[in-house]
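Below is one structure; the comments refer to it alone.
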Amino acid sequence: MTALGFLYPGHSAEDDYPRIEQLLGSDIRLDVVHTDIGTDAHRVDALLEMGSADRLAAGVEELRMSGADSVVWACTSGSFVHGWEGAHEQVRSLALAAGMPASSTSFAFVHAVRELHARRVAVGATYPEDVAGLFADFLRAGGVEVTSVRGSGIITAAEVGTWGEAEVFALAREADRPDAQVLLLPDTALHTAAHIPALEKELGKPVLTANQVTVWEALRLADRRVNAPGLGALFTREPLVQA
């Protein structure tokens, strides 16, 4: 059994995780611990506090007791808002507190783009424009070329969590650009796990979504690779038959 740990802020789209666990179809367990979201706002000050070391450390002990092999801070905005170096420090502190390999959703996006051997991406964000711009800056610091950024101006994760298939597809269509090799949908509060193959079929390119790449990153840290076409192109890099 491979056990993967996730620190997820509040309650919005955490039901993506049991869905992803089912789609993985193997001996993999996803353990989600909810952290205190504090002020639910896509504002820089609120996001910095949400991803503070104290808030993350509070959830670590439960994951350690569960026997997790790796842990990922399952929040994009609460990691990239710290900047490239600050996000590295956030992950280092988390790894020390957890005693296991650690990462965050922001780094997961950078690593996933590299895994797809892509360079140019378009971003469809639920965030306000200024916060969406910080995500683009983070990607660029990781060597990713951002061709365009579309923000949606949504302030709270709670509102994002109410979005359904129609809103997700509308955001993807509006954000995509012909010169982008991959489309990124960066909010872990957005329900996307059920829609990835259909999104990729419609756009004709890989689509990376926050909860999808978060799980992929946890698997990578645990040195476990899985072929799961139901989770999109990112999960078809391995042979279909697993050892």
Side-chain angles (χ1 to χ4, degrees), residues 1-8 13-32 68-76 79 100-125 135 139 142-144 165 168-169 171-172 175-176 180-243:
M1 173 66 69
T2 301
L4 308 176
F6 304 93
L7 296 176
Y8 187 94
E14 67 270 23
D15 45 333
D16 264 6
Y17 289 84
R19 180 183 288 274
I20 291 172
E21 186 177 79
Q22 288 183 325
L23 290 169
L24 291 175
S26 57
D27 59 335
I28 295 170
R29 188 179 79 237
L30 308 186
D31 296 325
V32 178
D69 298 296
S70 62
V71 58
V72 180
W73 167 223
C75 183
T76 323
S79 46
M100 65 184 83
S103 188
S104 68
T105 304
S106 293
F107 287 118
F109 272 109
V110 173
H111 297 154
V113 170
R114 293 173 182 170
E115 176 75 6
L116 293 173
H117 302 294
R119 211 163 43 83
R120 299 183 307 279
V121 306
V123 173
F135 180 54
L139 294 171
V144 178
E165 181 178 5
V168 172
F169 272 75
L171 174 61
D176 189 32
Q181 297 165 296
V182 184
L183 174 69
L184 276 54
L185 302 176
D187 197 340
T188 58
L190 187 65
H191 290 90
T192 58
H195 310 309
I196 298 168
L199 284 168
E200 293 188 334
K201 182 178 181 180
E202 175 161 328
L203 300 180
K205 66 186 62 175
V207 175
L208 297 178
T209 74
N211 292 319
Q212 169 216 35
V213 300
T214 297
V215 173
W216 178 85
E217 180 80 340
L219 286 165
R220 187 187 69 82
L221 291 175
D223 198 26
R224 181 73 189 270
R225 299 291 180 132
V226 178
N227 186 296
L231 290 170
L234 179 64
F235 278 83
T236 60
R237 311 289 292 176
E238 295 301 307
L240 187 57
V241 177
Q242 299 293 303

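Note that CG of L7 and OG1 of T214 are 11.0 Å apart. Values are rounded to the nearest 0.5 Å. Here T236 contributes atom OG1 and L116 contributes atom CG; the two are 8.0 Å apart, rounded to the nearest 0.5 Å. With rounding to the nearest 0.5 Å, the separation of CG in L185 from CG in L183 is 4.5 Å. Separating the CG atom in D69 from the OG1 atom in T2 is a distance of 6.0 Å, to the nearest 0.5 Å. To the nearest 0.5 angstrom, T105 atom OG1 is 12.0 Å from L208 atom CG. Rounding to the nearest 0.5 Å gives a distance of 5.5 Å between CG of L231 and CG of L24.
Looking at residues two or more places apart in sequence or on another chain, you find a salt bridge (Lys or Arg N to Asp or Glu O under 4.0 Å) between E202 and R173. By the ring-ring contact (aromatic ring centres under 6.0 Å, His included) test, F135 is found to be paired with F80, F109, residues two or more places apart in sequence or in another chain being considered. Applying the side-chain contact (heavy atoms from CB on, under 4.5 Å) test to A193 and every residue at least two apart in sequence or in another chain returns D16, R19, I20. Listed by chain and residue number, nothing satisfies the side chain to side chain donor-acceptor pair (under 3.5 Å) test with Q22 (two or more places apart in sequence, or in another chain). For S70, the side chain to side chain donor-acceptor pair (under 3.5 Å) test picks out no residue, with sequence neighbours left out. Considering only residues two or more places apart in sequence or on other chains, D27 meets the salt bridge (Lys or Arg N to Asp or Glu O under 4.0 Å) condition with R224. With sequence neighbours left out, the side-chain contact (heavy atoms from CB on, under 4.5 Å) criterion links A102 to V71, V91, L94, A95. Take R29 and apply the side chain to side chain donor-acceptor pair (under 3.5 Å) test, not counting sequence neighbours, and it matches D31. Contacts of R119 classified as salt bridge (Lys or Arg N to Asp or Glu O under 4.0 Å), with partners at least two apart in sequence or in another chain: E145. Residues passing the side chain to side chain donor-acceptor pair (under 3.5 Å) test with Q181: none are found, sequence neighbours excluded.
Residue pairs meeting the salt bridge (charged side-chain N to carboxylate O under 4.0 Å, His left out) criterion with at least one member in residues 207-217, sequence neighbours excluded: E217-R220.
Relative ring orientation between F169 and H195 is described as perpendicular, the plane-to-plane angle rising above 60° on a 0-90° scale split at 30° and 60°.
In this structure the side chain of L234 never reaches within 4.5 angstrom of the side chain of I196, judged on heavy atoms.
With T188 contributing its side chain and A74 its backbone, the two residues share a donor-acceptor pair below 3.5 Å. Counting only distance, with no hydrogens or angles, the side chain of R114 and the backbone of G143 share no donor-acceptor pair below 3.5 Å.
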